[in-house]
Amino acid sequence: MIYALSAAVGIIAALLVAAVVWKTRITPANLSNIKQAASLEAQNLLLTQKEADLNKQAADLHTIAKDNAEKLKKEAIMEAKDEAYRMRAEVEREIRDKRAEQLRLERRLTHKEETLDHRLEQVEKKETTLAAQLAAAEALIVQHQQTLEAQQQELQRVSGLTPDEAKQIFLKSVEEEARHEAAQLYRDIEEQARQDADRRASEIVVDAIQRCAVEQVTETTVSVVPLPTDEMKGRIIGREGRNIRAFELETGVDLVIDDTPEAVVLSCFDPIRREIARVALTNLIADGRIHPARIEEAVQKAAQEVDRAIWEAGESAVLDTGITGLSPDLVRLMGKLKYRTSYGQNMLSHSVEVAHLCGVLAAELRVNVQLAKRAGLLHDIGKAMDHEEEQPHAMLTIEILKRHGEPADVVNAAGSHHHDTEPNCIEAHLVIIADGLSAARPGARREMLETYVKRLDNLEKIANSFEGVESSYAVQAGREMRLIVKPDLVDDLGALRMAREIAHRIESEMEFPGQIKVTVIRETRATEYAK
C-alpha cells in the first residue's frame, strides 16, 4: 500500500511539474529548483497521507479496544454475578443445613428431657416403694430376731447347752458323717479300680520281669590289688620311691601302700583310669620286673587292654538288646558303663536290664518296642561322663544323644527318666517305670548303713505322729510299714484314711527307691473273766 501511494504521489508530482513547465515555460536553468519544490510537495503530500492513515488506524484500534473493553467488562460483570449467585446459594444451603441440624438437636433434647422426666418420676415412685418395703423388712428382721432369740432361749432351756456347745456338737456330727461318707466312697472307688487295674498291671510287670534275661550279678570296680607277699610292697615302691612315683605319674591314680597285709589300694575318681592302673599293676606283679621303663610299657598295654574290653562290653550290650545303627562313640560310652556303679549296681547291667524291661512292657502295651528298648539302653549313658561334667547325668545323656544324631523321641525318652525334662511320649514313661523296677528290686542296690537306719527311723517317726497309733514297724528293708492302731480311737474307715495320709506324708517328706507299702492293722479283742 505504501508503494502504491508513493507511485501515485510521484505521478502527480510529475504531472504538476509538467503543467508548471508548460504554463510558465520554465527554463532548464531553474528546473532544479522546481524539482526540489516538487519533491518537497510530494513529501508533504506523502506525510499528510501517512498521518491520515495512522489517524485512521489509531481510530480503528481505539474502536477495537473500546469494543474489547466493553466485552471484557460485560464478561467480568457476568462472572461476578455468577460467582455471587453461587456463593449466595452455598450460604443459603449451609444455613438451611445448620437450621435442620439445630432443629434435629432440639427435637432430641426435647425427647431426652421428656424421657428423663418420665424416668425421674419412676425413680421417685420406686424410692417410695423401696422405702416402704425397707421399713417392712426391718420390722420383719426385728420380729425374726425376737423369734430367734425366743427359740434359742427355749432350746437352751430344753437342752441345757449353750449356743457354742450346740454348734460344736453339730459340726462334729457333720464332720464325722462327711469323713465316713468320704472314706466309704474312697474304698468303693479304690476297690473298683483295683479289680480292673491290679490284675492287668501285675500281669504286665511280672511277665516283664520274668522274661528279662539279664544276668543279675553285681559288679563293682576293684580298688584293692592283692600281693603274693608283703615283700612286693618294697619292689613296688622302688629305690627312693621312684617306682611308685612313675606309676602314679603314668596312671594318674594314687597308689596307697599301708599296713594292710598282702594288698595295696588304688584311689582315683575315674573308674577307667583305676581299672587301667589295676590291670597294669597286676601284670607288673605277675611279671616281677618293676622299674620306670617297664611301668610305662605295662600301663600302655593295660590301656589298650581296657579299651578293648570297653569296646567288647559295649558291643555285647548292643547285640544282647538287638539295637542297631548306634554310633561307634555311643557303643564305646556304653562299654564304659561296665566300670561305673551306683549303690553297688553295675550301670551296664542295669542299662541292659532296663532295655529288656522296656521292650517287654512296650510289647504288652503295643507301642514302639524298638524305640523303648533303644531309649532304655541309652538312658544312663551320661553316667559314663558325669565325673567329667558338672551336670546331672540325665542332661548329659540328652547332650550326648543329640550330638550323635539320635531321634528326638529317643532323646526325650532317655533323658526324662528322672523328670529333668518333661516326657512327651508313652515310651518315655516306660523308661521311667523300667528304671524304677530295675533299681528297686530286692538286692539290686546297696546303700550305706547310716542312710538305711536314718530312713527307717524317719518312717517310724512319720507313722507315730498320727493319733491312735499304738506301735509301728518298718519291715522288708524299709519297703513296708506296719502300724497297729488303738481300736477304740480308730475305726475301720479311719484305718483306711490313716494309711492313705501316711503314704502321702512319706511321698512328700522322704526320698526312697521303689515304693513303700503302708499297712494299718486294727483288731478288737474281747476279754472276760470267769469267777
Side-chain angles (χ1 to χ4, degrees), residues 212-215 219 221 269-276 303-342 345-362 367-421 423-425 427-432 434-435 438-439:
C212 180
V214 179
E215 182 182 1
E219 298 181 11
T221 301
F269 68 93
D270 190 339
I272 305 298
R273 274 194 274 167
R274 189 164 61 244
E275 178 65 13
I276 292 173
Q304 295 174 359
E305 183 179 344
V306 171
D307 187 68
R308 184 168 56 253
I310 288 173
W311 176 260
E312 291 175 354
E315 195 173 32
S316 175
V318 172
L319 293 175
D320 188 18
T321 54
I323 305 300
T324 59
L326 280 183
S327 167
D329 292 336
L330 290 180
V331 176
R332 187 176 299 277
L333 288 174
M334 286 299 305
K336 287 184 177 181
L337 293 179
K338 177 182 178 181
Y339 303 101
R340 180 70 164 82
T341 59
S342 177
Q345 185 179 27
N346 183 271
M347 286 294 96
L348 183 59
S349 299
H350 167 69
S351 298
V352 173
E353 182 179 5
V354 170
H356 285 295
L357 288 172
C358 286
V360 175
L361 293 172
V367 295
N368 194 331
V369 175
Q370 288 299 318
L371 172 60
K373 291 180 68 175
R374 194 181 192 95
L377 180 66
L378 300 174
H379 79 284
D380 270 343
I381 199 168
K383 288 188 176 181
M385 298 180 62
D386 61 352
H387 60 281
E388 301 175 4
E389 302 286 342
E390 295 182 358
Q391 291 189 62
H393 72 276
M395 302 306 296
L396 283 174
T397 297
I398 293 175
E399 291 183 5
I400 292 170
L401 297 183
K402 285 183 178 179
R403 191 185 312 141
H404 291 86
E406 288 294 316
D409 289 341
V410 175
V411 174
N412 177 264
S416 61
H417 65 282
H418 286 317
H419 297 281
D420 293 284
T421 58
N424 58 13
C425 58
E427 290 80 6
H429 293 281
L430 293 182
V431 174
I432 296 173
D435 182 58
S438 176

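Note that these values count all heavy atoms, side chains included, but never hydrogens, waters or copies made by symmetry.
Annotation: the span from His356 atom NE2 to Leu377 atom CG amounts to 9.0 Å, rounded to 0.5 Å. Considering CG of Leu401 and CG of Leu378, their distance stands at 5.5 Å, rounded to 0.5 Å. Rounded to the nearest 0.5 angstrom, Ile381 CD1 and Arg332 CZ are separated by 12.0 Å. Note that CG of Leu371 is 9.5 Å distant from SG of Cys358, once rounded to the nearest 0.5 Å.
Residues His404 and Ser327 share a closest heavy-atom pair of CD2-OG, 3.5 Å. Between Asn346 and Lys338 the shortest heavy-atom distance is ND2-O, 2.7 Å. Nearest heavy atom pair, residue Ala317 against residue Leu348, reads CB-CD1, 3.8 Å. The minimum heavy-atom distance between Ala414 and Ala375, with the atom names listed, is CB-O, 3.7 Å.
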Criterion side-chain contact (heavy atoms from CB on, under 4.5 Å) on Met334 and Glu315, from CA distance to verdict: CA-CA 8 Å; Met334 286 299 305; Glu315 195 173 32; over 6 Å; no
Check against side-chain contact (heavy atoms from CB on, under 4.5 Å), Leu326 and Arg374: CA-CA 9 Å; Leu326 280 183; Arg374 194 181 192 95; 3.5 Å; yes
Working for side-chain contact (heavy atoms from CB on, under 4.5 Å), residues Arg340 and Asp380: CA-CA 10 Å; Arg340 180 70 164 82; Asp380 270 343; over 6 Å; no
Step-by-step side-chain contact (heavy atoms from CB on, under 4.5 Å) determination, Leu333 to Asp329: CA-CA 6 Å; Leu333 288 174; Asp329 292 336; 5.5 Å; no
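Side-chain contact annotation: His379 with His393, donor-acceptor N/O pair under 3.5 Å absent.
Remark: side-chain polar atoms of Glu427 are paired, donor with acceptor, to backbone N or O of Asn368 under 3.5 angstrom. Between the side chain of Arg274 and the backbone N or O of Tyr339, no donor-acceptor pair lies under 3.5 Å. A donor-acceptor pair is defined here as one N or O able to donate and one able to accept, closer than 3.5 Å; no such pair exists between the side chain of Asp435 and the backbone of His417. Listed for the Ser351 side chain is a donor-acceptor partner under 3.5 Å among the backbone atoms of Met347. Lys383 places no side-chain N or O within 3.5 Å of a backbone atom of Leu337 that could act as its donor or acceptor partner.
By the 4.5 Å heavy-atom criterion applied to side chains, Ser316 and Leu319 are not counted as neighbours. Counting heavy atoms from C-beta on, the side chains of Asn412 and Thr421 come closer than 4.5 Å.
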